[in-house]
Amino acid sequence: SIGMLSVLSRRTIVSNPWMIFLSTAFVVSLAVIDSGVINVALPILSHYFDVNFQIIQWLITAYLFAVCLMIPIAGRLSDVFSSRQTYLFGIAVFIIGSFLCSIATQIHEFIFFRVIQGIGASFLLANTQAILMHTFPKALRGRALGINSMIVACGAIVGPSLGGFLIQFLGWRSIFYINIPIGLLGYLGTFIYLKQDEKTTKEQIDFSGMGLFAISLLLFLGLLSHEELWQAGYITYLFVILFFVFSALFIKRELTALMPFIALSLFRICSFLFGTVNMFFVNLIFMINSILLPYYLMSVKLFYPAIVGLFLLISPLFVGAFAPLSGYVGDRTQRFILLQQVGVIGFIIALSLISLYNLHTSILFIVISQSLLGIAMGIYLSPNNYLTFSDVSFTKIGVASGLAAFSRNFGRIIGVTLCSAVLQIVRAMLFKNATGQLVHYPEVIVLSNKVLMILSIVFSVVILFLSSVNTAVKKRI
């Protein structure tokens with residue numbers, strides 16, 4: 001199972017739940033922000049290191065891959081030791097990774113240092129929702145989860161905004177320098193407010209499951225992100241066969257292991273299954289938008305990074321306003337499914353508008369469409385989080401929270417990889433012998449945006465369908 005804090009089987013000293021919330025929110029926001037802070041820097045970094053998008057996108061993918069792989073391990077270690085020790089360890093590793101990224105001189109070492117960052121971030125991301133579900137009474141959980149969702153969502157989108165300002169005025173290395181003092185403050189806050197807890201069980205790590213999962217994921221990402229493999233004939237078939245073989249071995253291992261790497265048994269709970277699948281698609285959609293928008297604004301509109309940063313602030317501002325409000329309304333009315341569906345309909349409307357971006361789109365149109373996307377996200381997040389965990393036993397809430405965190409980050413990985421694949425295909429279609437950076441091909445950016453937004457609309461329809469199915473299941477129960 002995906003280990004998290006076994007918060008429900010251990011005694012944790014909680015004097016004020018909101019102080020615990022603040023300490024966890026501070027450090028988790030640091031990790032989430034850094035998963036997106038590099039997005040706006042991709043065109044600049046691609047030019048600085050003289051590599052194409054298929055290479056530079058690994059600065060994002062490597063970080064998210066490390067998070068996905070290490071979240072279960074981080075949870076297990078927090079079970080073996082304590083939440084306080086693992087949290088402090090995670091912050092320390094994250095700070096070290098940030099420093100190493102700030103001094104990177106070669107693209108391959110830069111990617112490796114991003115992996116170190118991701119390992120640190122996994123210890124911070126693995127336990128937050130489990131702690132909140134345990135710390136807050138039922139009447140306040142929707143509100144707490146709503147605010148936490150606001151922090152996570154805003155962190156993921158504010159990251160590029162912050163990056164734009166720092167790059168414009170201080171250079172790209174500053175986006176990593178800033179993590180050091182903030183990380184030290186987070187370490188101090190965690191040291192003071194997150195008290196020592198007592199472990200009551202000894203956990204084991206499913207290294208076999210972890211290895212099979214890592215190989216399967218790497219094969220999958222390789223197939224999506226490397227155009228050369230699609231034209232390699234038998235090599236492509238070999239990759240596909242290996243992917244299915246290792247995936248099957250992984251599933252078999254997880255279904256038979258006493259302490260599996262991923263708790264597949266939780267997917268028997270319909271609300272949890274639908275909720276985690278929805279988390280995957282929502283994070284995939286938002287990662288696509290957060291990657292394409294900086295390229296569109298720099299390539300088509302010729303904006304400087306600081307201006308791009310301002311545009312990337314639009315969505316999180318509305319998420320911040322509507323996520324707590326949606327959680328509050330949900331707590332008062334218990335109409336979580338209705339709120340979820342309203343949010344998804346908002347996704348479809350906003351994504352339809354974003355798909356219309358072209359070489360002459362007005363600034364006002366961009367502002368309106370990005371605002372609608374933020375409003376929809378704010379309405380959607382809290383109800384979906386509540387419904388995801390509503391039928392999960394309290395004895396398994398920590399495990400479920402870890403799997404939800406995994407689902408979010410896996411969605412972001414696939415979003416990055418899907419962007420890379422579509423950009424390659426579109427550039428090959430429009431400019432067969434194209435060389436150089438993507439920012440020199442605005443037509444490629446516009447058409448890729450249209451294709452990816454249409455795909456995102458399809459994903460939104462899937463989310464709406466799953467929400468409707470969940471409604472029918474709950475009515476039968």
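Side chains of Asn283 and Arg412: a donor on one and an acceptor on the other come within 3.5 Å. Between the side chains of Asn358 and Thr361, at least one donor N or O sits under 3.5 Å from an acceptor N or O. Side-chain contact, Ser98 with Tyr177: no donor N or O sits under 3.5 Å from an acceptor N or O.
Side-chain contact check for Phe347 versus Met377: some heavy-atom pair is nearer than 4.5 Å. No side-chain heavy atom of Pro294 sits under 4.5 Å from any side-chain heavy atom of Leu42. Side chains of Tyr296 and Ile366 form a contact here, defined as non-hydrogen atoms less than 4.5 Å apart. Taking the side chain as every heavy atom from C-beta outward, Gln117 and Asn179 approach each other to under 4.5 Å. Residues Ile413 and Asn409 are not in side-chain contact: their nearest non-hydrogen atoms beyond the backbone lie 4.5 Å or more apart. Annotation: side chain of Leu64 is in contact with side chain of Met287 (closest heavy-atom distance under 4.5 Å). Looking at heavy atoms from C-beta onward, Leu100 lies out of side-chain contact with Phe112 at the 4.5 angstrom threshold. At a threshold of 4.5 Å between non-hydrogen side-chain atoms, the residues Leu249 and Arg253 do not count as touching.
Residue Leu339 holds its CG atom at 9.0 Å from CG of Leu325, rounded to the nearest 0.5 Å. For the atom pair CD1 of Ile285 and OG of Ser290, the computed distance is 12.0 Å after rounding to the nearest 0.5 Å. Between atom CG of residue Leu273 and atom OG of residue Ser407 there is a gap of 10.0 Å, rounded to the nearest 0.5 Å. In this structure, the separation between CG on Leu212 and CD1 on Ile251 is 11.0 Å, given to the nearest 0.5 Å. With rounding to the nearest 0.5 angstrom, the CZ atom of Phe94 is 13.5 Å from the CZ atom of Phe123. Note that the CG atom of Leu353 and the CZ atom of Phe365 stand 4.5 Å from one another [nearest 0.5 Å].
Checking side-chain atoms of Ser46 against main-chain N and O of Val51 turns up a donor-acceptor pair under 3.5 Å. The closest donor-acceptor contact from the side chain of Ser420 to the backbone of Val416 lies at 3.5 Å or more, if one exists at all. No donor-acceptor pair under 3.5 Å is formed between the side chain of Ser467 and the backbone N or O of Ile463. A donor-acceptor pair under 3.5 Å is formed between the side chain of Asn278 and the backbone N or O of Phe274. Proximity of a side-chain donor or acceptor of Ser174 to a complementary backbone N or O of Gly171 within less than 3.5 Å is detected. Although no hydrogens or angles enter the test, the distance criterion places a donor-acceptor pair under 3.5 Å between the side chain of Asn449 and the main chain of Ile354. Within the 3.5 Å criterion, the main-chain N or O of Ala323 finds no donor-acceptor partner in the side chain of Ser326. Arg173 contributes a side-chain N or O that, together with a main-chain N or O of Ala104, makes up a donor-acceptor pair within less than 3.5 Å.
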Leu59/Tyr63 under side-chain contact (heavy atoms from CB on, under 4.5 Å): CA gap, chis, key distance, verdict | CA-CA 7 Å; Leu59 290 174; Tyr63 178 91; over 6 Å; no

Evaluate the side-chain contact (heavy atoms from CB on, under 4.5 Å) criterion for residues Arg408 and Thr276: first the C-alpha distance (whole Å), next the side-chain angles of each, then the deciding distance (0.1 Å), finally the verdict.
-> CA-CA 8 Å; Arg408 288 192 297 269; Thr276 51; over 6 Å; no

Going through the distances and angles, do Ile291 and Gln57 end up as a side-chain contact (heavy atoms from CB on, under 4.5 Å)?
-> CA-CA 10 Å; Ile291 289 176; Gln57 60 100 8; over 6 Å; no

Check the pair Ile307, Gln168 against side-chain contact (heavy atoms from CB on, under 4.5 Å), reporting the backbone distance first and the verdict last.
-> CA-CA 9 Å; Ile307 303 299; Gln168 177 73 41; over 6 Å; no

Output, in order, the C-alpha distance, side-chain angles, deciding distance and verdict of side chain to side chain donor-acceptor pair (under 3.5 Å) for Ser448 and Tyr295.
-> CA-CA 11 Å; Ser448 297; Tyr295 270 98; over 6 Å; no

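Residues Ala376 and Gly346 come closest through the heavy atom pair CB-C, 3.5 Å. Between Gln340 and Asn384 the shortest heavy-atom distance is NE2-OD1, 2.7 Å. Counting all heavy atoms, side chain and backbone alike, Ile167 lies closest to Ile175 at CG1-CG2, 4.0 Å. Nearest heavy-atom pair across Ala121 and Val67 is CB-CG2, 4.1 Å. When all heavy atoms are compared, the tightest approach of Pro305 to Ile44 is CG-CD1, 3.7 Å. Shown here for Gln370 and Ser315, the closest heavy-atom pair between the two residues is O-OG, 2.8 Å.
Between Phe176 and the options Phe99, Phe113, Phe110, a ring pair (Phe, Tyr, Trp, His ring centres under 6.0 Å) holds for only Phe110.
Ring planes of Phe250 and Phe213: tilted class, angle from 30 to 60°. Ring planes of Phe267 and Phe272: tilted class, angle from 30 to 60°.
When the shell of 6.0 Å around CZ of Phe49 is examined, it contains more than 12 heavy atoms from other residues, nucleotides or ligands.
Not counting sequence neighbours, the partners of Phe280 by the ring pair (Phe, Tyr, Trp, His ring centres under 6.0 Å) test are Phe410.
The side chain to side chain donor-acceptor pair (under 3.5 Å) contacts involving residues 210-221 comprise nothing, where partners must be two or more places apart or lie in separate chains.
Between Phe311 and Phe303, the ring centre distance stays below 6.0 Å.
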Enumerate donor-acceptor pairs with a distance under 3.5 Å from any side-chain N or O in residues 450-460 to protein atoms, sequence neighbours excluded.
residue, atom, partner, partner atom, Å
Lys450, NZ, Ser355, O, 2.9
Ser456, OG, Leu452, O, 2.9
Ser460, OG, Ser456, O, 3.0

